[in-house]
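It should be emphasised that the depicted structure is a prediction, and the values quoted were computed from it without experimental measurement. So that the names make sense, note that chain A is the first sequence line, chain B the second, and so on, each numbered from 1.
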Amino acid sequence: MAKPSIPQGTRDFSAETVRKRNYILTTIRNVFELYGFQPLETPAMENLETLMGKYGEEGDKLIFKILNNGLSDPKNIEKARDGFEKLLEGKNTTALTERALKYDLTIPFARYIAMNHGQLTFPYKRYQMQPVWRADRPQKGRYREFTQCDADVVGSASLLNEIELANIYHTVFVNLGLQEYELKINSRKMLAALAELCGGPERMTEITIAIDKMDKIGLDKVKEELVQRGMNADQTTIIESYLNISGSNEEKLTAAKIIFGENASAEKGIEELSFILSQTKNIRVAIDFTLARGLNYYTGTIFEVKAPMQVKMGSIGGGGRYDDLTGLFGVPGIAGVGVSFGVDRIYDVLEELKLFPENLQVSTMALFLNMGETESLFSFHIAQQLRKENIACELYHEPGKMDRQFKYAEKKNIPYAVIIGSKEIENSNAVVKNLKTGEQIAVQLDELSLFLFSDNKQVTKKDFKY
RNA sequence: GUAGUCGUAGCUCAGUUGGUUAGAGCAUCAGAUUGUGAUUCUGAGGGUCGGGGGUUCGAGCCCCCUCGAUUACCCCA
């Protein structure tokens, strides 16, 4: 039999990893809730039609498609053959795949809004933390199954949303200890204006694809690419002066005004960026005119968060404003703005910078050593009392050498061992040993929970939230 | 989809121009020690050298194919 394995780009998460991931997820969730966002979950799979064409040509290729069931059924076999022929020609067909794994959280969200807009209270603020799947080649910071955390506001054109979302980014990253993150901001309106000056709105996508590579390949290569794409000299000069804009946020805005002059789209973009920046002075938001973002449904403000410089990691979050996301699903006129956190990349960054708190790995607070059959039954009742007080503890499953039982506690990072043998039962007390310091002390049974709780401030009661 | 690097014990890795029976540390198990772990000492188990084929008297090492991991390009969180 072949060695068991898991699909490329997927991972199992052990207890330690799950706890660290939960730490990130809880931190993000708490901030989302603090700003009044409500949870939403959507299915792992969507109808293929819902996803196709929403992420650009490349995106379509990266959608994981699910093979239909029952293809070998005699009554479907003709249809399946036709479908396969089309597939070989590079065409997608629902004859073979009607469903696909979701590629991000935004499009399923838009689909949900389009289906339920009659019932929702607007502005509708939702957050969503779920896995998504992309058929990309895995590499550093890139997985085929990864978790996104999105918060979106729909049904409001107010820039206050942008300001709140920027603050959400800031609060989450500061709470995670990632002080040195970079929050970049731009507006698609600037890129639209650039396209207008360089051959028309339809050129926007190719221009943004080229200038998005600015920090990777440099100005000269970007210019080369633009020439290849058919830009004339005047147009590349304009793009070059746009890309050369530098300095403080204010200086950048001033320079942009000069380049774009009376262009309406640019004026609007500059006005919006100025307003957002004026209200986010407490946090570090930096204009980056080369920021473009791949997803083409954005129309206004766009955000991207980069990990601290010393970590070589792409963006750890991104988002933006879209005027008409649900228009794709037949419900026009609902604008929105949202942000996304890339949990898996944030995890890798925190790991690399050693920013996870140490006390995440405490599973249970105390291990009751098993000192024999009658003694263990006695201990069991004491353990149940502690559990009633929300103190997590466990009883070693069988009598055995203490050596082994201590090692078990150590491996599970359990801070205390509680020994109740015949002597202790007689005296109504327990020997409590702090496994970190090696100190041990006899504690009266009715004071056990109090002792465990007060002795070590690091260890807190299990906090259950529903 | 394109290219590079790497696959040796559960884990991290040695392994000489190709040469006897493939090693170490950690981990596991047993004992020194039947009421005291993490620090001590002794011993044991554990391998189709990713898989298949080839060259050779002889392959962990060289060649071909294949699978997997990883990194980069493209794109992205």
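B:A14 and B:G68 have their P atoms separated by 25 Å, with the value rounded to a whole Å. Distance noted for atom C1' between B:U21 and B:U28: 25 Å (whole Å). Separating the P atom of B:A22 from that of B:G31 is a span of 30 Å, rounded to the nearest Å. Comparing the same atom, C1', in B:U56 and in B:G19 gives a spacing of 12 Å after rounding to whole Å. With C1' as the reference atom, B:G51 and B:U8 are 14 Å apart, rounded to whole Å. Distance check on atom P: B:C6 versus B:C61 gives 14 Å, rounded to whole Å.
Using a 4.0 Å cut-off between a side-chain N of Lys or Arg and a carboxylate O of Asp or Glu, A:Arg21 and A:Asp344 qualify as a salt bridge. Ionic pairing of A:Arg29 and A:Glu33 is not present here: no N-O contact between side-chain nitrogen and carboxylate oxygen is shorter than 4.0 angstrom. Checked for salt-bridge contact, A:Arg126 and A:Asp152 meet the test: a charged N lies under 4.0 Å from a carboxylate O.
Residue contacts shown for A:Tyr143 include a base, since a base heavy atom lies under 4.0 Å away. The residue A:Ser315 sits close only to the backbone: its heavy atoms come under 4.0 Å of sugar-phosphate atoms, none of a base.
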CA sep, side-chain torsions, deciding dist, call: A:Asn161, A:Ser156, side-chain hydrogen bond (donor to acceptor under 3.5 Å, both in side chains): CA-CA 8 Å; A:Asn161 297 311; A:Ser156 163; 2.8 Å; yes

Step by step, work out the side chain to side chain contact (heavy atoms under 4.5 Å, CB included) result for A:Ile185 and A:Asp288. CA-CA 6 Å; A:Ile185 190 173; A:Asp288 179 354; over 6 Å; no

Return a table of donor-acceptor pairs under 3.5 angstrom between the side chains of residues 377-385 of chain A and protein atoms on other chains or two or more places apart.
| unit_1 | atom_1 | unit_2 | atom_2 | d |
| --- | --- | --- | --- | --- |
| A:Ser379 | OG | A:Glu375 | O | 3.3 |
| A:Gln384 | OE1 | A:Arg387 | NH1 | 2.8 |

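Put simply, NZ on A:Lys61 is 13 Å from C1' on B:U2, counting in whole angstrom units. The CZ-P distance, from A:Arg134 to B:G1, rounds to 19 Å in whole Å. As rounded to whole Å, 11 Å separates atom P of B:A77 from atom CG of A:Leu291. We find that CD1 of A:Ile346 is positioned 19 Å from P of B:C76, with the value rounded to whole Å.
Note on ring orientation: taking the six-membered ring where Trp is involved, the planes of A:Tyr124 and A:Tyr112 are tilted (angle from 30° to 60°).
For A:Tyr127, the ring-ring contact (aromatic ring centres under 6.0 Å, His included) partners two or more places apart in sequence, or in a different chain, are A:Phe32.
Side-chain N/O atoms of A:Thr301 and A:Glu162 include a donor and acceptor closer than 3.5 Å. No side-chain N or O of A:Arg11 forms a donor-acceptor pair with one of A:Thr17 less than 3.5 Å apart.
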Would you mind building the protein contact string for nucleotides 68-74 of chain B? One character per nucleotide, 5' to 3', B for base within reach (heavy atoms under 4.0 Å), S for sugar-phosphate only, - for untouched. -S-SBBB

In 5'-to-3' order, the base (B), backbone-only (S) or no-contact (-) status of each nucleotide in nucleotides 27-38 of chain B, using a 4.0 angstrom heavy-atom cut-off, is -SSSS---BBBB

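With hydrogens and angles disregarded, no donor-acceptor distance shorter than 3.5 Å links the side chain of A:Arg188 to the backbone of A:Gly269.
When every heavy atom of A:Gly141 is checked against every heavy atom of A:Asp348, the shortest pair comes out as CA-OD2, 4.0 Å.
Taken to the nearest 0.5 Å, the CD atom of A:Gln128 stands 9.5 Å off from the CG atom of A:Asp104.
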Dump the pairs, protein N or O against N or O of nucleotides 5-7 of chain B, anything under 3.5 Å, distances to one decimal.
none

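A:Tyr169 and A:Phe341 have their aromatic ring centers within a separation under 6.0 angstrom.
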Could you spell out the base pairing of RNA chain B in dot-bracket, with Watson-Crick or G-U pairs whose two distances are under 3.5 Å, [ ] crossing and | to another strand? (((((((..((((.....[...)))).(((((.......))))).....(((((..]....))))))))))))....

